[in-house]
Structures are given as structure tokens and as C-alpha cells.
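If you read the sequence from its start, that first residue is 1, and numbering goes on from there.
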Amino acid sequence: NMDLYVSEQRADGSFGPPARIDELSTLADDRMPNVSPNGLEMVFVSTRTDPGAQGGHDVYLSRRQHVSDLWGTPVNLGPNVNSGSSESRPSLSADGDRLYFGRDGEIWMSIRAQGG
């Protein structure tokens with residue numbers, strides 16, 4: 001079981017101790033977080049078995065209104081992104097319009113639907 005953690009950068013450039021992100025960590029294997037440049041979206045993979053889970057590690061998205069807020073309930077990105085194989089290392093483009101991720105040794109890209 002893996003969980004997601006955060007560590008704050010200090011003024012001298014070093015990092016403080018890690019703190020578990022309770023609102024995103026579950027009994028499933030939650031790993032490989034990537035936060036958007038504006039700090040308002042995070043993608044990660046998880047072996048959660050909620051409705052819509054495709055199997056293996058699926059890509060999830062969590063949002064928040066402000067960087068000081070807790071993360072919102074993660075949403076499985078569904079069959080347009082996830083498959084029965086394990087997805088890995090999700091990463092959002094700088095403009096947030098593209099999601100890059102791995103599957104079966106290949107790199108995939110998904111383009112965000114308008115209004116998404």
C-alpha cells in the first residue's frame with residue numbers, strides 16, 4: 001500500500017518532513033502524483049476499485065479552488081484514459097490541456113475536452 005505525501009519547501013531551499021495527504025490516500029495503492037503548475041490539479045494513479053475503475057493502476061484527477069485548500073474527491077478519468085492494463089506516471093502539460101501517461105511501455109497522450 002502506497003500513499004501520497006507532501007513536503008513544504010523552506011526558505012533555504014530544503015524540504016520539511018513529509019505529511020500524508022489524508023484526503024487522497026486510501027487502503028489502495030495511491031502513487032505517482034503530479035501537480036499542475038498552478039497547484040490546483042493533481043493527477044496520480046491508484047488501484048482503487050470504485051465504479052468506473054478499469055483495472056490495474058488507473059489515472060485519477062483531484063482539484064482544489066486554492067493552493068491552501070484540501071484536495072477534492074479524486075475522479076477516475078474513465079475508459080478514454082484508463083484500460084485493463086496499468087497506467088503510470090501521469091503528467092499534465094503546462095497549459096493543462098494535455099495529459100501524458102505511460103501504459104505497457106508506451107507513452108500516451110489525451111487531450112482535455114472543452115469545459116473539462
> Ignoring hydrogens and geometry, is there a side-chain-to-backbone donor-acceptor pair from Ser7 to Pro18 under 3.5 Å?
no
> Among Ile, Leu, Val, Met, Phe, Trp and Tyr joined by side-chain contacts under 4.5 Å, find the other residues sharing a cluster with Phe15 and list them by chain and number.
none
> If a pair satisfies salt bridge (charged side-chain N to carboxylate O under 4.0 Å, His left out) and one of its residues is in residues 1-16, list it, with sequence neighbours excluded.
Asp3-Arg20
> Quick one: closest heavy-atom pair of Pro37 and Ser93, and the distance?
CD-O, 4.3 Å
> For Met109, which fellow cluster members are found when Ile, Leu, Val, Met, Phe, Trp and Tyr are connected by side-chain heavy-atom distances below 4.5 angstrom, either directly or through intermediates?
Tyr100, Ile111
> To the nearest 0.5 Å, tell me how far Asn82 CG sits from Asn80 CG.
9.5 Å
> Taking Ser62 for its side chain and Gly72 for its backbone only, find out whether a donor-acceptor pair lies under 3.5 Å.
yes
> Check whether any side-chain heavy atom of Gln54 lies under 4.5 Å from a side-chain heavy atom of Pro79, and answer yes or no.
yes
> Sorted by first residue and then second, give each salt bridge (charged side-chain N to carboxylate O under 4.0 Å, His left out) pair with at least one member in residues 80-89; sequence neighbours left out.
Glu87-Arg103
> Show the numbers, then the answer: is there a side chain to side chain contact (heavy atoms under 4.5 Å, CB included) between Leu92 and Glu41?
CA-CA 9 Å; Leu92 292 166; Glu41 292 184 306; 3.9 Å; yes
> Let me confirm one number: the CZ-CG distance from Arg63 to Leu40, rounded to the nearest 0.5 Å.
10.0 Å
> State, yes or no, whether a side-chain contact exists between Met32 and Met2 at a heavy-atom distance under 4.5 Å.
no
> Rounded to the nearest 0.5 Å, how far apart are CZ of Arg98 and OG of Ser110?
11.5 Å
> Just by distance, no angles: are the side chains of Asp30 and Ser46 close enough, under 3.5 Å, to form a donor-acceptor pair?
yes
> If you define the side chain from C-beta out and look only at heavy atoms, does anything of Ser25 sit under 4.5 Å from Tyr5?
no
> Identify the heavy atoms of Ser91 and Asn34 that sit nearest to each other, and give their distance.
OG-ND2, 3.5 Å
> Among the clusters formed by ILVMFWY side chains lying less than 4.5 Å apart, do Trp108 and Val43 turn up in the same one?
yes
> Roughly how far, to the nearest 0.5 Å, is the CG atom of Asp104 from the OG atom of Ser83?
6.5 Å
> Using 4.0 Å as the upper bound for N to carboxylate O, is an ion pair formed by Arg64 and Glu23?
no
> Which atom names give the shortest non-hydrogen contact between Asn76 and Ala53, and what distance separates them?
ND2-CA, 3.5 Å
> With rounding to the nearest 0.5 angstrom, report the CG to CG distance, Leu99 to Leu77.
6.5 Å
> In the hydrophobic cluster built from side-chain contacts under 4.5 Å, what are the other members alongside Ile107?
none
> Could you go through the side chain to side chain contact (heavy atoms under 4.5 Å, CB included) check for Asp58 and Val45 one step at a time?
CA-CA 5 Å; Asp58 282 356; Val45 297; over 6 Å; no
> Any chance you could pull the hydrophobic cluster mates of Leu24, using side-chain heavy atoms under 4.5 angstrom and chaining through other members?
Leu4, Val6, Ile21, Val35, Met42, Phe44, Tyr60, Trp71
> Would Asp29 and Asn1 count as a side chain to side chain contact (heavy atoms under 4.5 Å, CB included) here? Give the steps.
CA-CA 5 Å; Asp29 187 6; Asn1 165 5; 5.8 Å; no
